[in-house]
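Here's the structure we're looking at; comments come further down.
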Amino acid sequence: VDEFGLIAACFKPLSKGYSGSLNLTDDAAIVSLPAGQELVVTTDAISAGVHFLGNEEPALIARKLLRCNLSDLAAKGAAPLAYFLNVMLPTDTTPEWVHGFADGLRQDQAEYSIHLAGGDTIATKGPATFSMTALGVIPAGKMLRRCSARPGDIIVVSGTLGDSALGLISLRGAAGDEYLINRYLLPEPRLALGKKLLGLANASMDISDGLVQDLGHICEESKVGATIRRPLLPLSKPAAAMIKNDEKLWDKIVGGGDDYELLFTVPASKKQEIGALAAKLDLPLTVIGEIIVGDSVQLLDENNKTVPLANKGYRHF
Ligand SMILES: [Mg+2]
C-alpha cells in the first residue's frame, strides 16, 4: 500500500470542510476558537480482536470509532469541531479496505458536522489499530463533569440500555436480532441532548463500560452514592423479549457496556424539564433512581431487594 497515494485519495477530501486542517499539507493543523469558548478534547483507541471483531465492513469500524468519540463530546455538552486520526494497518491491507474506511468517515462527517484536521498512517505487523482524538467547543467553564452530582439529584439515562451488549451476543450467535446488532455496530452520539444539558444537569457522562460501573465513576468523583431501580431501566422491545426468556441477561443490561447513551444527574426540582426535553428531542429520557449520601451504587429489584452486582462492567485489563 502506497501511503502517500492513499492519504491523498482517501483522507485529504475528509479535511476539506475544516480550514485549520490546511488540507493536510503542513506539519500541523491550526485550531482557532471564538471568544469565550474553550476546547473539549477526547481520545480513543481501538484494536481488531479487542474492541471490534475485525471482519466488520471497514465503513462500520470507522463510523463507530468516530461516534464513540462524539459520544464523549456529547456527554460533556460540547459541539463537534474537528478530529485527528492515526491509522495503523497490517501490511496486507488492501486499498479497497482503506477506501471503505474513509467512505464511512465521510458519511458520518456529513451527519455530525465534523471534519478531519490531521493524523498519520503507518503499516504494522500487529492487528489493525486506530486512534482518534476529537475536538469540541463549549462556552468557557461550562463542561459537564462527573464530579458534581449531589444527594437528592435524580439519575437519568437516554435511550434504552443493554441493546449493544445483547447485539454482540446476537452477532456471535446464529440468528441475530437486526435492531440489537445495529445498536452494537452504530451507536448514536446524543449530541443534541448533551447541548441541552448545559445548565440543567449537575453531572454527566456517556455509558461505555456499563451502567453500574459508569454510575460508580460519577459516585466516586462526586463522593456520593446512588440507588437505581431495575424495574425503571428503559429496555427496547427486542431486549425486553430476550430478558423475558433469560433473566440472567439483566447482567448485560446493567453491566454490558457499549451503550453510548448519556447518564446524568439533575436536581429533583428540575424533573419536569426532563419530560419536556424528551418530547422536544423525541428521545426517551428515563429517571432510573437517585443520588444519595453514601459511597456505592445499589441496584434494587422489583421487590426492593438489593441485586448482587456480579458484572460491574467491562474491564480493560
Ligand atoms: Mg466517556
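In listed order, ligands and their atoms are each counted from 1.
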>> Consider side chain to side chain contact (heavy atoms under 4.5 Å, CB included). Of Leu105, Asp103, Thr121, Val98, which one does Cys10 pass it with?
In response: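 Running side chain to side chain contact (heavy atoms under 4.5 Å, CB included) over Leu105, Asp103, Thr121, Val98 with Cys10 returns exactly one hit, Val98.
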> Hey, which of Asp177, Asp163, Thr160 is the one that makes side chain to side chain donor-acceptor pair (under 3.5 Å) with Ser236?
Replying inline: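 Going through Asp177, Asp163, Thr160 one by one, the side chain to side chain donor-acceptor pair (under 3.5 Å) with Ser236 is satisfied by Asp163 alone.
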>> Distance check, rounded to the nearest 0.5 Å: Leu262 atom CG versus Lys76 atom NZ?
In response: 9.5 Å
> Has Arg230 got more than 12 heavy atoms of other residues, nucleotides or ligands less than 6.0 Å from its CZ?
Replying inline: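 Above 12, so yes.
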>> Counting only heavy atoms from other residues, nucleotides and ligands, does the tally under 6.0 Å from CG of Asp295 exceed 12?
In response: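 Atom CG in Asp295 is not crowded, with 12 or fewer foreign heavy atoms closer than 6.0 Å.
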> Taking the Mg ion (ligand 1) as the center, what protein N, O or S atoms are found at less than 2.8 Å?
Replying inline: Asp72 OD1, Asp206 OD1
> Checking Lys64 against Tyr184: charged group under 6.0 Å from the ring centre and within 45 degrees of the axis?
Replying inline: yes
